[in-house]
Amino acid sequence: RLVHGSVKHRLQWECPPGTVPFDPLLVTLAEGLRETKHPYTFVSKEGFKELLMVEGATEKAIPLLPRLVPVLKAALAHSDDEVFGRGVDALVQLSAIVGPSLNDHLKQLLTNLLKRLMDKKFREKITVTLQKLEQYGG
């Protein structure tokens, strides 16, 4: 549930995020990263982040990588700059959780990152992302 604060919005879960099944929720939230309308943009971004912060997220997320990577790839290939930004943020969050398990899938994701590298708006963000991917095991 989306809770509207006076300054900041947040999600309110019906049950603790740690008890929610990652399959299919994490994949659905990742697909939502391509949304362009509020509140879907907020719910997908915040839900993805909060779900990856629960205890045991690594063990739950690694088996879903074959389904998450194509969805993240689509977000990184999207023409909307905000969608691309959310895809980059999600990629860094996922990389921090799954670490070297993402290495086998990086080839699919790096192509879309490198396409935007020449865009001055994203050069810094992509460079930082590549450094974080390397730091987390890539």
Side-chain angles (χ1 to χ4, degrees):
R1 200 178 313 184
L2 181 62
V3 177
H4 294 277
S6 59
V7 177
K8 198 173 182 182
H9 303 310
R10 63 181 180 85
L11 291 180
Q12 180 180 356
W13 296 81
E14 292 292 320
C15 54
T19 62
V20 175
F22 268 46
D23 185 11
L25 187 59
L26 190 63
V27 177
T28 303
L29 289 169
E31 288 171 353
L33 294 170
R34 292 184 307 201
E35 289 288 341
T36 55
K37 292 188 175 124
H38 182 76
Y40 308 115
T41 56
F42 177 80
V43 170
S44 62
K45 180 180 75 166
E46 201 60 29
F48 190 83
K49 182 174 83 175
E50 288 184 23
L51 211 53
L52 287 178
M53 291 190 324
V54 303
E55 192 173 318
T58 303
E59 295 79 29
K60 295 177 181 178
I62 289 175
L64 297 177
L65 282 177
R67 290 175 45 208
L68 284 171
V69 168
V71 174
L72 285 177
K73 181 180 179 181
L76 294 173
H78 203 280
S79 60
D80 187 291
D81 290 348
E82 289 182 23
V83 173
F84 175 76
R86 284 193 297 274
V88 170
D89 293 340
L91 175 59
V92 171
Q93 292 163 4
L94 185 65
S95 175
I97 297 301
V98 300
S101 300
L102 190 61
N103 288 352
D104 296 338
H105 306 281
L106 281 179
K107 186 177 180 184
Q108 297 174 49
L109 298 167
L110 290 178
T111 309
N112 291 331
L113 275 180
L114 296 177
K115 284 180 184 175
R116 296 267 185 129
L117 188 58
M118 298 320 253
D119 190 344
K120 288 183 181 179
K121 288 187 279 192
F122 296 112
R123 187 173 295 149
E124 172 99 17
K125 186 171 188 147
I126 291 174
T127 304
V128 169
T129 299
L130 292 173
Q131 290 169 346
K132 288 189 185 270
L133 289 172
E134 181 181 20
Q135 174 189 342
Y136 297 134

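- Taking Ala57 as the reference, Phe22, Val54, Ile97 meet the side-chain contact (heavy atoms from CB on, under 4.5 Å) condition, with sequence neighbours excluded.
- In this structure, Asn112 CG and Gln108 CD are separated by 10.0 Å, a value rounded to the nearest 0.5 Å.
- Partners of Ile62 by side-chain contact (heavy atoms from CB on, under 4.5 Å), not counting sequence neighbours, listed by chain and number: Thr58, Val98, Ser101.
- Evaluation of the side-chain hydrogen bond (donor to acceptor under 3.5 Å, both in side chains) rule for Lys121 yields Asp81 as partners, not counting sequence neighbours.
- Listed by first and then second residue, the side-chain hydrogen bond (donor to acceptor under 3.5 Å, both in side chains) pairs involving residues 19-37 are Asp23-Arg67 (not counting sequence neighbours).
- Every residue meeting the side-chain hydrogen bond (donor to acceptor under 3.5 Å, both in side chains) condition with Glu50, not counting sequence neighbours, appears here in chain and number order: Trp13.
- Looking at heavy atoms from C-beta onward, Leu130 lies in side-chain contact with Leu110 at the 4.5 angstrom threshold.
- The salt bridge (charged side-chain N to carboxylate O under 4.0 Å, His left out) check on Glu46 picks up Lys49, with sequence neighbours excluded.
- Within 6.0 Å of the NZ atom in Lys73, the count of heavy atoms belonging to other residues, nucleotides or ligands does not exceed 12.
- Separating the CG atom in Leu51 from the CD atom in Gln93 is a distance of 11.0 Å, to the nearest 0.5 Å.
- Here the CG-CG distance, from Leu102 to Leu68, works out to 9.5 Å after rounding to the nearest 0.5 Å.
- Applying the side-chain contact (heavy atoms from CB on, under 4.5 Å) rule to Thr127 yields the partners Leu117, Arg123, Gln131; only residues at least two apart in sequence or on another chain are considered.
- Of the inter-residue distances, the one linking Glu134 atom CD with Asn103 atom CG reads 10.5 Å to the nearest 0.5 angstrom.
- The CG atom of Leu113 sits 9.0 Å away from the CG atom of Leu106 when rounded to the nearest 0.5 Å.
- In this structure, NZ on Lys132 lies 12.0 Å from CG on Leu91, to the nearest 0.5 angstrom.
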Next on the checklist: Leu33 vs Leu72, test: side chain to side chain contact (heavy atoms under 4.5 Å, CB included). Steps then yes/no.
Outcome noted: CA-CA 8 Å; Leu33 294 170; Leu72 285 177; 3.9 Å; yes
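- A ring-ring contact (aromatic ring centres under 6.0 Å, His included) check over residues 65-115, counting only residues at least two apart or in different chains, returns the pairs Phe84-Phe122.
- For Lys125, the side-chain contact (heavy atoms from CB on, under 4.5 Å) test picks out Val88, Asp89, Thr129, with sequence neighbours left out.
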